[in-house]
Each structure stands twice: as structure tokens, then as C-alpha cells.
Amino acid sequence: MTPTSNAASTRPPAAAPASGETAADTAAKPSRAATASAPPVRKRRPVLKRVAGHKGTKRAAPWVTTLGLFVVWELAVRGFDVPQSVLPTASESFAAIWTYRDAIWMHAAQTLFTTVVGFAVAVVFGLVLGALVGSSRTIYDALNPMLIGFNSVPKVAVVPILVMWFGIGTVPAILTAFLISFFPIVVNVATGLATLEPELRDVLRSLGATRRDILMKVGFPRAMPFFFASLKIAITLAFVGSVLSETVASDLGVGYLMISASSKFNMPLLFAGLLVIAAMGIAMYELFNQIERRSTRWATRGSGGQ
């Protein structure tokens with residue numbers, strides 16, 4: 001026997017192909033070493049998701065949507081030949097804002113003033129009442145039916161009473177803005193305080209914390225996300241209350257301006273007033289949205305770039 005035959009006899013036998021496999025299929029399979037050394041394949045996100053998750057796209061989306069709405073509005077009115085006395089075009093409404101800019105500025109300043117003052121009173125009153133309702137079951141049971149009943153009353157029915165008491169002008173608008181906007185604040189603050197876990201209360205009491213300590217150091221911080229969420233709702237409702245009062249009994253404000261425009265069949269000015277109210281509402285909403293993001297960042301998970 002030759003040395004070559006001895007070396008050949010010492011080689012390990014080749015692995016037999018699995019059942020149903022040919023020798024060509026076995027040879028085509030990559031080896032374990034090649035598989036282990038191959039770099040991992042990175043999964044790329046779809047192009048649409050990458051574009052949607054881009055910061056620039058997120059910032060531009062509201063502007064593009066709003067611009068698209070105005071374009072559709074303009075084309076629809078012109079395409080269907082809608083009379084101006086029924087629905088003006090978007091360009092005519094913006095032109096009216098520029099034409100009547102002095103009057104619109106004066107009335108918008110009045111509406112913004114009454115809205116902010118009524119909203120501020122609603123924040124203070126809602127925060128105090130919400131703290132009382134959320135921290136005491138007895139107070140909750142006593143006040144809850146009354147609060148629900150009061151909120152169910154249409155505020156337009158309350159405005160004539162306010163006019164009889166305080167006359168036309170600023171005070172009824174402030175009170176209407178307050179009455180229509182304080183309820184969401186009360187409900188959200190009370191909910192934030194009432195949802196504190198009983199187990200956490202027991203642990204804090206066992207550590208020597210008083211009821212006041214639990215409320216001030218744990219309850220109110222936990223209720224902050226609820227509170228700021230209610231502010232965004234309440235500020236928009238405050239605009240509704242102010243304009244509602246101005247349309248019923250006032251000689252100043254965007255609501256009064258719109259009533260005057262409708263009596264003269266000046267539809268572009270009427271829609272200009274609507275656009276001004278919408279712009280002020282969006283601006284105030286975004287203001288409190290930014291305050292919420294900075295004040296309750298700890299309670300919000302990161303978006304993870306999505």
C-alpha cells in the first residue's frame with residue numbers, strides 16, 4: 001500500500017446528501033464559515049416611511065395641508081360658479097382681510113383680550129375646583145351632579161342673563177368665555193388626581209407622608225399632563241364663548257364685526273372674520289402645546305424618529 005493510499009484512507013468521508021437532495025444541491029449550499037463571516041443585511045425602511053419621518057416633512061405638513069384646503073376652496077367656488085353672496089373665494093376673503101385690516105385689527109384685539117381674560121379666570125377657578133373634587137370623594141359626590149348639569153346648559157341661553165346683569169360689552173364676553181372653558185380644566189385636573197394608585201398612597205403614608213405631602217409632591221405633578229391637555233381644549237372653547245357673546249350683545253369684537261358684515265351681505269368680510277378667529281385659535285393652541293411639551297417632557301415617550 002502506498003503513502004498516497006494511506007492518506008486517502010484517513011480522510012473523513014464526505015457528508016451524505018440529505019434525503020431528496022442531489023449532490024449538486026449540496027454543493028450549492030454555502031458553507032458555515034462563509035455564512036458566519038458574511039456581514040448582516042441592513043433592512044432599509046420604505047421610502048415613504050423615511051420621507052414621512054423626516055423633520056422637515058413633519059413641519060411642512062400642516063402648511064401644505066392648509067394651502068391645499070385654500071386651493072380646493074378657490075377652485076371649487078370658481079369651478080361651480082358659486083355667487084359671492086353665497087360663498088366667496090379664498091382670495092376674496094384674504095383680500096377683505098387686507099382691505100378692512102384696521103377694523104379687523106381693532107375687533108380682533110378686543111376678542112383676544114376678552115378670551116384671554118376669561119380663560120385666565122377659568123384656569124384659576126378650574127385648577128382649584130379640580131383639586132378639591134379630585135382629592136376628596138365627598139366633594140366629588142356633592143359637586144359632580146351640579147357641574148354636569150351646569151355644563152349641559154347652552155351658554156347662548158346664559159348670555160341674555162349676563163347682559164341683563166352687566167350690560168352689553170366686555171364683561172358678558174369675559175364671563176361667557178369663562179363659563180364655557182372652565183369645565184374641561186376641572187374634569188382633567190380631578191381625573192389626574194383621582195387616578196393616583198392606592199398602592200402608591202399606602203407606600204407614601206408608610207414612609208410618613210401626610211395627605212398634603214402626597215397631594216403637593218406626587219398628585220399635582222402626576223396631574224400636570226391632564227392639566228395641560230385641558231388648557232389646549234379650554235382656550236379654543238374660550239374663543240367660542242367670546243365670539244358667541246359678541247354676536248348676541250356687543251358693540252366691539254370679531255363677533256360684532258361678523259354680524260355687521262352679514263347684515264350688509266358682505267360675505268368676504270364675514271369669512272375674513274372667520275379666518276381671523278381660526279388663526280388666533282391655532283396660535284393660542286400651539287402656544288399651550290409648546291408649554292406642555294416643555295413642562296411635561298418627562299411624561300411623554302420619545303418618538304424614536306418615527
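- For the pair E246 and T114, the minimum side-chain heavy-atom distance is below 4.5 Å.
- Of the candidates T191, V186, I185, I185 is the only one forming a side chain to side chain contact (heavy atoms under 4.5 Å, CB included) with S230.
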Go through it in stages, so that I can follow the logic: the residues are V240 and T236, the test is side chain to side chain contact (heavy atoms under 4.5 Å, CB included), and I'd like the CA-CA distance, side-chain angles, deciding distance and then a yes or no.
CA-CA 7 Å; V240 174; T236 56; 6.0 Å; no

Residue pair L231, E292: steps toward the side chain to side chain contact (heavy atoms under 4.5 Å, CB included) verdict
CA-CA 9 Å; L231 294 184; E292 178 190 16; over 6 Å; no

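- Under a cut-off of 6.0 angstrom, the local environment of OH in Y140 is sparse, with at most 12 non-hydrogen atoms contributed by other residues, nucleotides or ligands.
- Looking only at atom types and distance, the side chain of Q110 has a donor-acceptor partner in the side chain of T170 under 3.5 Å away.
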CA sep, side-chain torsions, deciding dist, call: F94, F70, side chain to side chain contact (heavy atoms under 4.5 Å, CB included):
CA-CA 10 Å; F94 283 107; F70 288 134; 3.7 Å; yes

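- Between F288 and F119, the distance from one ring center to the other falls under 6.0 angstrom.
- Classified by interplanar angle (parallel below 30°, tilted 30° to 60°, perpendicular above 60°), the ring pair F182/F178 is parallel.
- Atom CZ of F113 has 12 or fewer neighbouring heavy atoms from other residues, nucleotides or ligands inside a 6.0 Å radius.
- Between V189 and the options L129, L127, L132, a side chain to side chain contact (heavy atoms under 4.5 Å, CB included) holds for only L127.
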Could you walk me through whether L269 and I104 satisfy the side chain to side chain contact (heavy atoms under 4.5 Å, CB included) test, starting with their C-alpha distance in whole Å, then the side-chain angles of each, then the deciding distance to 0.1 Å, before giving a yes or no?
CA-CA 9 Å; L269 180 57; I104 289 177; 4.1 Å; yes

